[in-house]
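What you see below is based on every heavy atom in this structure, not just the backbone, and it leaves out hydrogens, waters and symmetry mates. Keep in mind that this is a model prediction, so the values were computed, not measured. Each chain gets a letter, A, B and so on, in the order its sequence line appears, and its residues count up from 1.
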Amino acid sequence: MNKVLLSGNEAIARGAYEAGVLVASAYPGTPSTEILENVTRYKEIDASWAPNEKVALEVGIGASFGGARALVTMKHVGVNVAADPLFTLSYTGVRGGLVLVTADDPELHSSQNEQDNRNYAKFVKMPMFEPADSQEALDFTRLGFELSEQFDTPVFLRSTTRISHSKSVVELGERTNDIQEPKLERNAAKLVMLPGNARRRHYDVERRIADLEEWSCTQSFNRIEKGAGKIGVITSGVSYQYVKEVLPEADVLKIGLVYPLPKNLIREFAAAYDELYVVEELDPFIEEQVKAMGIGISGKDKLSLCGELTPGRLKQGMFGDASPSEETSADLPQRPPNMCPGCPHRGVFMELNRAKAYVTGDIGCYTLGFMPPLSAMDTCVCMGASIGNATGISKVLSAEEQRKVVAVIGDSTFLHTGINGLMDMVYNQSASTVIILDNRITAMTGRQENPTSGFTLGDEQTFRVDMEQLCRAVGVKHVVSIDPYNIALTRKTIREEMARPEVSVIITTRPCMLVPRDNLERRTPLYVDHDKCTGCQACLRLGCPAITWDAANKKSNIDKIICTGCQVCQQTCGFDAFQKCGE
Amino acid sequence: MADVTNILLAGVGGQGILLASEVLSEVTLLAGFDVKKNEIHGMSQRGGSVVSHVRYGDKVYSSIIPEGEVDILFSFEMLETRRYLPLLRAGGKVIINNWKIAPPSVALGKQAYPENLAEDIQAQFPDTRVVDGLDLALEAGNSKTVNVVLLGALSNVLDFDRELWLAALKKMIPERLLDINLKAFELGCQVK
């Protein structure tokens, strides 16, 4: 038997391979990113990073219309970006099967909200599988493609952080031989969604959901597990595991397809218990539908609408006894994430702080510019929002206050949805400074390639977007590129451009420290000459993890093991105390 | 679930915790157990606090260790050991790497790094072993092998054949780094 340990994300990639997928497209986003990275292990699949989730889905739709099976993956908020094509894809249906993975993030481990994307399934009228471990992640992905073609519908696979990033034992299968040869086939009534066609397709969509609901009542992915026969629990996804852990005696209706719900099966199950519960994370998605069926059931009166479930939280909800948690260690110094030593963004945020800029921020590593001591971010909403936010806020301010507003955005985020904001800023004659932190990689999610990196997901060299030209092409007259390791230049440029009553773009041009391809030759680490250090703490304003304060001696120190020799700290020191090791 | 063993790995992003939990999980799989492992990627890797849950037994449901049921707290950093101590069951075991990494508030001089952590932990959990992981890793020839040194120390409190550990290490570690890591593992095994 071929048993291996796979994460949920690895299992989804494997499932797509076994299902005969030919095309996979995605924009990286935690916790979904590793799915496409693992798809690259299967050379049969054309896998690529798109500039955003909408494009990723459109590429997948195109492949499906061409007759190929297509996998599209994104994090929960990515589905918001892809929602426009998605709603109409539900009407067109598919040719080759299409599975859209939404990787949700209850507890906001690495996200700006914890929206429950099961609601999309109901909204878009699209079936949704929810795996409870890696084996199901593989099986449901395979099954998703079959279902997609059988019912002429795109299919959601909803994962959560605890499924995507947990490993469990999986039995592998073989790739199917039954792969259709893609070719052109015209079918305007189904694929051209003008009102006349779409009106007819809407009836098909409603019929399809009714058919799926009936069909799913007899499928093994929706199953009843008998316990002691006293209480009944309806659950799905990762919550199922916590139910088995905390309520081992309960009878369980485990739902694999969370939309449409198997209503007849639920009726049959519910009738057998006086005490009936729904255990689900976030929204009362199952609970509300069960209640609408006229069935009395308990759920969110016991469990929180916020955060993820854990065995302890479930126990607390069901029995009221508080579980121990690391939060009882709250008096200990916290250890939040921080920009890496040598990160080219650090000096930029120090200077924005000094310039007292009002910074409209964006999504990426640089969102950590919010953290003290840099403390230079005032807003952060969603991918690409920084520039539109700066435009809007500038519209309502006096000319003097307007000049304090600076939008800060990374290269990948700029190309994702920031460029539209810049176009608007120029077109509608707003005025603000925009800083594009171009580190030539999508860094926060673990360093994925993008159109500014010059490389593809498959590590092939490709065309690289010229950031300066792009900004000029939308009408920005003042575009300046700077080396963010040069602090004097960074300070001067930021102040000059902030003072300018027109749109200006500053592009910082140092690559991410963690990308081996772009690494400068590793420079000599620095040390602090304690004879020169006056203990003024100017260097501490950088918040570099390599610099620590020696409280006993009232001097700064550098950890040579992690110092990258970027020399930014050296430029903050007025006393020449930072020296290269060995000199 | 009495037949499930729960090991919580804790430390700081960049210490090699994820590789250590990969190796440990592989050992339990090779030994024929059902196993689940869980951790958070993303933000936590930027020098933040990192935990990884490893559970093995005949049948494992939740990949998160139920709070208060950790059997072994396997920790790579002093302060992080203390942070996750409330999750350890009474009579649980602790393996601590004798390494202090200053969190930002300490590096900035705003807070002090807690003192006497090892002694306090030992007083609460007598079965606590302190490992000089970094010294042993340097003895093996590379500071980055500290995670494998610690795995060696962990192997002393678990009941798996040595061959399984070696097989898992061989599977998970690139060949050019294998010798130095096997040496690190041996040095860890010698810690009693």
Side-chain angles (χ1 to χ4, degrees), chain A residues 3-5 7 30-31 33-34 109-110 133 161-162 165-169 238 240-246 248 310-313 315 323-329 332-341 365 368 371-373 444-446 537 540 543-545 547-551 559 561-562, chain B residues 1 4 10 12-14 21-22 25-26 28-29 33-51 53-54 59-69 77 79-80 82-89 101-114 143:
Chain A
K3 282 195 172 177
V4 291
L5 264 180
S7 70
T30 312
T33 310
E34 301 84 356
H109 295 287
S110 195
D133 60 20
T161 301
R162 295 295 182 179
H165 287 174
S166 287
K167 290 202 169 187
S168 59
V169 184
V238 75
Y240 161 82
Q241 306 292 358
Y242 307 144
V243 169
K244 298 297 279 187
E245 193 80 39
V246 174
T310 67
R313 288 176 184 176
K315 210 181 282 178
S323 291
S325 89
E326 69 266 24
E327 278 153 29
T328 53
S329 308
L332 295 175
Q334 296 299 301
R335 201 185 292 277
N338 193 353
M339 288 176 197
C340 305
C365 287
L368 295 170
M371 306 293 284
M444 189 77 214
T445 45
Q537 300 195 337
L540 295 183
C544 177
I547 305 176
T548 54
W549 178 244
D550 177 349
D559 181 345
I561 292 182
I562 60 174
Chain B
M1 303 246 153
V4 173
V12 178
S21 74
E22 291 280 322
S25 306
E26 187 67 22
T28 66
L29 180 70
F33 287 108
D34 187 24
V35 53
K36 283 190 179 164
K37 143 183 154 85
N38 185 317
E39 66 242 346
I40 301 297
H41 312 170
M43 284 282 215
S44 56
Q45 287 187 338
R46 301 284 177 278
S49 172
V50 173
V51 286
H53 302 238
V54 176
K59 171 72 189 164
V60 180
Y61 289 108
S62 168
S63 64
I64 299 177
I65 301 171
E67 296 86 334
E69 293 182 26
E77 202 272 346
L79 175 60
E80 297 309 307
R82 175 63 192 82
R83 195 184 312 283
Y84 295 100
L85 207 60
L87 301 180
L88 194 61
R89 69 168 166 81
I101 300 175
S105 61
V106 173
L108 294 173
K110 309 266 187 224
Q111 262 182 306
Y113 195 99
S143 64

Inset, instruction - Grab the two heavy atoms, one from B/A112 and one from A/P333, that are nearest each other, plus how far apart they are. - result: O-CG, 3.9 Å
Legend entry - A/R335 (side chain) donor-acceptor with B/I101 (main chain) under 3.5 angstrom: yes
Legend entry - Portion of B/P66 that has a non-hydrogen atom of chain A nearer than 4.5 angstrom: both
Legend entry - Close side-chain approach of A/P373 to B/P104, heavy-atom, < 4.5 Å: no
Legend entry - Test item: B/D34 and A/V169 side chains (from C-beta on) under 4.5 Å apart, heavy atoms: yes
Inset, instruction - Quick one: which of B/E26, B/E77, B/H53, B/K110 has the most heavy-atom pairs under 4.5 Å with chain A, could you say? - result: B/E77
Legend entry - With sequence neighbours excluded, residues passing salt bridge (Lys or Arg N to Asp or Glu O under 4.0 Å) with B/E67: none
Inset, instruction - Let me know if B/S25 has heavy atoms under 4.5 Å from chain A in its side chain, its backbone, both or neither. - result: both
Legend entry - Counterpart residues, ring-ring contact (aromatic ring centres under 6.0 Å, His included), relative to B/Y113 (two or more places apart): none
Legend entry - Closest contact, heavy atoms only, A/Y242 versus B/S62: CE2-OG, 3.2 Å
Legend entry - Interface moiety of B/I64 toward chain A, non-hydrogen atoms closer than 4.5 Å: both
Legend entry - Closest approach of A/T548 to B/A102 (non-hydrogen atoms, all atoms of both residues): CG2-CB, 4.2 Å
Inset, instruction - Pick one of side chain, backbone, both or neither for A/I547, based on which atoms fall under 4.5 Å of a heavy atom in chain B. - result: backbone
Legend entry - B/L108 versus chain A, the contacting section by heavy-atom distance below 4.5 Å: both
Legend entry - Close side-chain approach of A/S168 to B/S63, heavy-atom, < 4.5 Å: no
Inset, instruction - Please examine the side chains of A/K167 and B/E39, heavy atoms only from C-beta on, and report whether any two atoms are closer than 4.5 Å. - result: no
Inset, instruction - Indicate yes or no: does A/E245 engage B/K36 in a salt bridge with an N to O separation below 4.0 Å. - result: no
Legend entry - Minimal non-hydrogen separation, A/R162 against B/N38, with atom names: NH1-OD1, 2.7 Å
